[in-house]
Amino acid sequence: MSSTPDAVHHRVRQEVAARTDLLWEVASALHADPECAFAEHRAAALLTGELRRAGFDVRQDVPGLPTAFTARAGEGRPTVALLLEYDALPGLGHACGHHLIAAAGLGAALAAHAARGNAPGTVLAVGTPAEEGGGGKALEAEAGVFDEVDAALMFHPGVHDWVRAPLTAQEQYRVGFHGRAAHPTGNPTEGIDALAALIELFNVLAGLTHRLPEASHVQGIITHGGTATNIVPEYAEGVFGLRAATTGALDDLAGRLRTAAAGVAQATGTTVTVERATVRYEHFRDSEPLSARFAAHLSRAGIDLTPPTPGVYLGSSDIGNVSGLVPAIHPFVAIMDADGSDHTPEFAEAGLSERARGVLASVTEALACTAVDVLADDPLRTAAWRAHGPAPVAVR
């Protein structure tokens with residue numbers, strides 16, 4: 001059997017073509033049965049069942065997450081990881097297209113493994129729960145799931161055909177002000193109004209917003225503002241979402257939040273606590289060599305990817321935490337026109353369209369071809385790691 005790149009790519013395309021109906025059935029089943037963060041039990045069972053049937057060594061509860069899993073075929077390095085997302089949005093179902101991400105990652109892993117035969121290296125399918133809130137990939141990265149991986153590959157359906165994802169760093173902080181309760185009429189001078197302090201923090205942050213760099217912003221809500229109008233609030237709490245273009249800029253923004261909160265507390269006679277309320281999502285670092293290879297494979301299907309529009313950011317994702325460790329790709333491929341948006345009922349409907357079905361087949365093929373290239377093409381891996389820089393030392 002020939003092992004030239006063209007021959008392997010031909011076998012990949014055959015393997016994907018043989019599974020197109022299965023992959024659409026998997027995507028449709030996930031879409032019809034949405035499960036939210038860390039509760040994706042049926043989705044994980046469906047996906048791991050297909051991987052077991054193909055001979056993958058499946059491990060669940062990775063790393064201590066009931067709906068996370070790894071599925072391994074082959075041995076040793078190099079190792080390429082295909083990432084599967086499958087959580088849904090509360091109230092909106094699969095309005096972010098994760099059913100397509102899961103099906104594409106599954107299909108690419110199955111096809112890459114089948115096309116390679118007994119060639120050296122490892123195909124690793126990684127089930128990554130709770131992207132929409134909870135950070136499954138961030139927790140997996142911290143636990144070492146990607147320590148022996150040479151590349152991490154996934155795609156995301158969207159409204160643009162972009163070769164890479166402009167994804168910001170983000171985290172949320174809980175800020176609580178502690179004052180002293182009193183009757184606002186009977187003994188108003190005894191009270192220290194915690195809610196007034198929290199509102200003042202909102203005012204300070206509103207002024208700060210005008211001086212922040214591009215892509216940095218703070219958005220807050222009040223989660224506790226008191227218990228009755230005839231009691232000066234002794235405790236008030238807000239949750240603040242922070243985003244920034246880079247993880248470093250996010251750290252700077254978090255420092256500004258802490259400084260502002262401390263200043264307001266001093267000025268109002270309150271005390272304040274500031275604590276991170278969510279897993280931090282780091283900014284996404286695109287692997288240009290791998291993204292270019294994926295785009296070249298996808299162009300066979302007539303889908304041409306372009307760079308993202310400058311200054312446009314599409315949110316945040318825990319793929320950022322993976323991309324800080326290993327070369328990674330996260331292209332966007334449109335399943336509806338650019339005047340649409342994900343996280344809408346219309347996008348959920350588009351996720352079952354004929355256009356989405358065609359995108360799923362094309363993307364699966366491109367992901368699988370890129371995966372076999374990572375495993376067989378030493379210069380490609382070298383270029384990807386050189387562009388990425390040295391992997392940071394994992395802290396356990």
Side-chain angles (χ1 to χ4, degrees), residues 63 70 76-83 121-124 126 128 131 135-156 162-171 213-216 242-255 279-297 305-308 310-311 313-332 367 370-396:
T70 60
R77 304 283 290 271
T79 296
V80 63
L82 284 306
L83 308 189
T122 300
V123 176
L124 182 69
V126 183
T128 66
E131 188 278 332
K137 294 186 204 61
L139 298 173
E140 290 172 331
E142 185 177 1
V145 169
F146 299 98
D147 284 359
E148 301 299 320
V149 168
D150 292 284
L153 313 179
M154 65 172 291
F155 100 105
H156 203 295
W162 285 353
V163 70
R164 63 177 177 83
L167 299 173
T168 58
Q170 71 95 8
E171 61 191 345
E214 181 184 66
S216 291
L242 282 60
R243 293 184 192 263
T246 67
T247 305
L250 182 67
D251 290 339
D252 177 72
L253 186 57
V279 173
R280 182 174 73 174
Y281 286 14
E282 299 178 4
H283 75 277
F284 176 65
R285 296 171 57 184
D286 177 59
S287 174
E288 291 187 11
L290 298 182
S291 287
R293 184 65 61 92
F294 172 85
H297 286 305
L305 301 182
T306 66
Y313 299 91
L314 297 182
S316 306
S317 172
D318 52 5
I319 183 62
N321 299 58
V322 179
S323 73
L325 296 174
V326 302
I329 69 170
H330 187 290
F332 281 105
L367 284 172
T370 306
V372 298
D373 288 347
V374 168
L375 295 175
D377 189 336
D378 291 346
L380 176 64
R381 287 197 311 278
T382 299
W385 276 113
R386 184 178 294 121
H388 182 273
V393 176
V395 178
R396 301 282 181 259

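Taking CG from Leu139 and OG1 from Thr128, the interatomic distance works out to 11.0 Å, rounded to the nearest 0.5 Å. With rounding to the nearest 0.5 angstrom, the NE2 atom of His156 is 9.5 Å from the CG atom of Leu314. Taking CG from Leu367 and CD1 from Ile329, the interatomic distance works out to 5.5 Å, rounded to the nearest 0.5 Å. Atom CG of Leu290 sits about 10.0 Å away from atom CH2 of Trp385, to the nearest 0.5 Å. Distance check, rounded to the nearest 0.5 Å: OG of Ser291 to CG of Leu305 gives 9.0 Å. How far OG1 of Thr247 is from CG of Asp252: 12.5 Å, rounded to the nearest 0.5 Å.
Not a single donor-acceptor pair under 3.5 Å links the side chain of His283 to the backbone N or O of Gly248. A donor-acceptor pair under 3.5 Å links the side-chain atoms of Ser323 to the main chain of Arg285, judged by distance alone. In this structure a side-chain-to-backbone donor-acceptor pair under 3.5 Å is missing from Ser287 to Ala328. Judged by distance alone, with hydrogens and angles left aside, the side-chain atoms of Ser316 form no donor-acceptor pair with the main-chain N or O of Leu167 at under 3.5 Å. Side-chain atoms of Arg164 never come within 3.5 Å of backbone atoms of Pro308 as a donor-acceptor pair (strictly under, hydrogens ignored). With hydrogens and angles ignored, the 3.5 Å screen pairs a side-chain donor or acceptor of Asn321 with a backbone N or O of Arg280. The main-chain N or O of Gly320 is never found under 3.5 Å from a side-chain atom of Tyr281 such that the two would form a donor-acceptor pair.
Closest of all the heavy-atom pairs between Val149 and Ala81 is CG1-CB, 3.9 Å. Across every non-hydrogen atom of Val123 and Leu375, the tightest pair is CG2-CD1, 3.8 Å. The shortest non-hydrogen separation linking Gly76 to Thr79 is O-OG1, 3.2 Å. The shortest non-hydrogen separation linking Val326 to Phe146 is CG1-O, 3.6 Å. Minimum heavy-atom separation, Pro63 to Glu140: CD-CG, 3.6 Å. In terms of heavy-atom proximity, Leu253 sits nearest to Arg243 at CD2-O, 3.5 Å.
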Report task. Show your working on salt bridge (charged side-chain N to carboxylate O under 4.0 Å, His left out) between Asp150 and Arg381 and close with a plain yes or no. Result -> CA-CA 7 Å; Asp150 292 284; Arg381 287 197 311 278; 5.0 Å; no
Requested in this report: Take Thr70 and Val145 through the test side-chain contact (heavy atoms from CB on, under 4.5 Å) and record every step on the way to the result.
Outcome: CA-CA 8 Å; Thr70 60; Val145 169; 4.1 Å; yes
Requested in this report: Before giving the answer on side-chain contact (heavy atoms from CB on, under 4.5 Å), spell out for Asp318 and Val279 the whole-Å C-alpha distance, their side-chain angles and the decisive distance to 0.1 Å.
Outcome: CA-CA 9 Å; Asp318 52 5; Val279 173; over 6 Å; no
Query raised in the report: Between Val322 and Met154, is a side-chain contact (heavy atoms from CB on, under 4.5 Å) present by the stated rule, with each step listed?
Result: CA-CA 11 Å; Val322 179; Met154 65 172 291; over 6 Å; no
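Residues Glu148 and Leu124 form no side-chain contact, since every pair of their non-hydrogen atoms from C-beta on lies 4.5 Å or further apart.
Heavy atoms of other residues, nucleotides or ligands lying less than 6.0 angstrom from CZ of Arg77 number more than 12.
Aromatic ring centroids of His330 and Phe332 lie under 6.0 Å apart.
For Asp286, the salt bridge (Lys or Arg N to Asp or Glu O under 4.0 Å) test picks out no residue, with sequence neighbours left out.
Salt bridge Lys137/Glu131: absent, no basic N to carboxylate O contact under 4.0 Å.
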